[in-house]
Amino acid sequence: MQRPPSVDAVLRAPAGVLAVARFGRALATDAVRAAIAAARPALREGEAAPGRAALADAAFSKLERSDALSLRPVLNLTGTVLHTNLGRALLAAPAIKAAVAVMAAPAALEYDLNSGARGERDDHVRGLLRELTGAEDALVVNNNAAAVLLALVVLAAGKQTIVSRGELIEIGGAFRMPAIMASAGTRLVEVGTTNRTHKRDYEQAIGADTALLLKVHTSNYRIEGFTADVSPRDLAVIAHAHSLPMMDDLGSGTLLPLDRWGLPKERTVAEAVRDGADLVTFSGDKLLGGPQAGFIVGRAELVARCAQHPLKRALRLDKLRLAALEATLRLYRDPDRLAERLPTLRLLTRPAAQIRAMAEGLVAPMSAWAGPDWRVEVVACRSQIGSGALPVETLESAGLALHPIGGGSGRALAGLAGRLRALSPPVIGAVKDAALRLDLRCLEDPAPLLAALSASLGERAS
Ligand SMILES: *Cc1c(COP(=O)(O)O)cnc(C)c1O
């Protein structure tokens with residue numbers, strides 16, 4: 001049996017030297033040992049020993065593959081703009097700049113530059129939130145689930161919270177309203193029925209143990225047909241007549257009326273405040289278009305109680321997100337330029353004709369990449385807003401459909417979806433109606449897709 005080259009000899013080959021320089025001696029040595037071990041069975045069969053260059057190359061490629069970051073950018077061609085699994089909102093340029101600036105330098109996070117005294121971290125956004133929502137006071141926490149949890153703990157722990165049966169939502173994954181209530185230690189009292197809840201249902205349920213009337217935005221479904229619910233304004237009136245607070249969990253917080261941009265109407269935070277809610281909760285990374293965050297805005301005395309609760313400390317934001325959030329909120333002061341500057345709004349308002357024109361330019365490169373087994377065509381489609389915002393409304397869009405020639409087996413489609421995910425950057429589409437569909441609404445610049453396709457073609461050719 002031939003003997004393989006020594007570890008040292010392999011490390012001295014050009015790819016070995018490169019591996020040490022790039023990944024460090026420890027990892028390079030381990031990878032070379034693994035490459036040598038992998039060659040041994042063939043040697044025992046009597047085959048010739050691989051050269052040190054080949055072993056070094058194998059070690060280097062393996063290190064390179066394992067070096068790719070797990071959390072990395074992808075191209076979202078799913079047709080869902082605010083895709084929770086793909087990280088929801090993209091940050092605006094000023095928000096990115098603000099976050100980067102405070103990453104590598106000390107920042108006045110809890111420091112008042114006017115007085116030189118200690119400040120509060122939420123002060124960086126409190127004034128903006130008051131201005132944009134009309135609320136007396138505001139605070140910010142990790143996400144809207146945290147905002148709801150904190151507000152329920154402060155307002156209703158150990159007591160009852162009344163909610164309509166039509167509003168006991170589950171938002172993708174683990175956010176279920178009854179479970180959040182249980183975590184907050186408040187007893188859920190369900191009133192009404194799935195499709196109809198009336199004022200008297202709430203009035204009859206209020207008792208000595210009631211602490212809160214809660215309204216929850218049915219973010220990801222709509223109940224239609226023979227329905228009735230109590231408006232937030234009427235619910236606030238009922239609550240106040242019994243000296244109770246009313247809280248409105250809006251979910252996706254819109255700060256400005258979206259119909260201004262031709263988008264479906266969604267109640268704004270300012271409207272919820274005006275309608276009499278004592279506290280309003282909403283997300284930072286849904287329609288608002290900022291970093292992950294959750295807000296509690298409303299009556300000063302209640303917001304202050306939330307701010308002073310020990311849970312607030314556990315749920316607070318770090319300086320990166322606060323910086324990005326402040327910069328995002330500032331963009332809202334100039335609504336005329338918002339659709340240009342805020343990526344979420346820019347993507348939601350992209351004209352279908354522009355998206356279609358881009359799709360037409362991508363048919364040829366996509367066909368060349370997909371190969372002779374696939375037919376590529378431009379198709380009209382409908383994008384979703386996503387993240388439990390406006391569940392029923394969709395936006396006219398366009399994209400590519402890749403059809404397997406000779407009939408679609410699910411296996412072929414899954415294989416193609418896998419090939420798209422293996423591109424760099426990975427491309428995420430959706431399989432629907434026996435085709436792989438790529439909605440191009442969220443592809444503002446085709447360059448990264450074209451580069452990924454041609455890099456992959458180049459690899460196959462070499
Ligand atoms: C999305 C949503 C939440 C959870 O918000 P996160 O920011 O994802 O934690 C809570 N309530 C409603 C009504 C929602 O739509």
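Counting starts at 1 for both ligands and their atoms, in listed order.
- Using a 4.0 Å heavy-atom cutoff, Val148 is absent from the residues neighbouring ligand 1.
- Listed by atom number, the atoms of ligand 1 under 4.0 Å from Ile169 heavy atoms are 12 (C), 13 (C).
- Side-chain contact between Asn85 and Ile428 is absent, with no heavy-atom pair separated by less than 4.5 Å.
- Looking at Arg88 against ligand 1, only its side chain comes within 4.0 Å, counting heavy atoms.
- For the pair Asn144 and ligand 1, the shortest N or O to N or O distance falls below 3.5 Å.
- The contact set between ligand 1 and Lys286, taken as ligand atoms under 4.0 Å from a residue heavy atom, comprises 1 (C), 2 (C), 3 (C), 5 (O), 14 (C), 15 (O).
- Interface of Ser283 with ligand 1, defined as ligand atoms under 4.0 Å from a residue heavy atom, comprises 5 (O), 6 (P), 7 (O).
- With hydrogens and angles ignored, the 3.5 Å screen pairs a side-chain donor or acceptor of Arg165 with a backbone N or O of Gly192.
- At a threshold of 4.0 Å, the pair Arg260-Asp336 counts as salt-bridged, since one of the basic side-chain nitrogens sits closer than that to a carboxylate oxygen.
- When the side chain to side chain contact (heavy atoms under 4.5 Å, CB included) test is applied to Ala236, the partners found at least two apart in sequence or on another chain are His240, Met246.
- Applying the ring-ring contact (aromatic ring centres under 6.0 Å, His included) test to Phe295 and every residue at least two apart in sequence or in another chain returns Phe282.
- Atoms of ligand 1 lying under 4.0 Å from at least one heavy atom of Ala145, given by number and element, are 4 (C), 5 (O), 6 (P), 9 (O).
- Taking a cut-off of under 4.0 Å to the non-hydrogen atoms of His217, the atoms of ligand 1 that pass are 13 (C).
- Without hydrogens or angle criteria, Arg382 side chain to Thr394 main chain gives a donor-acceptor distance under 3.5 Å.
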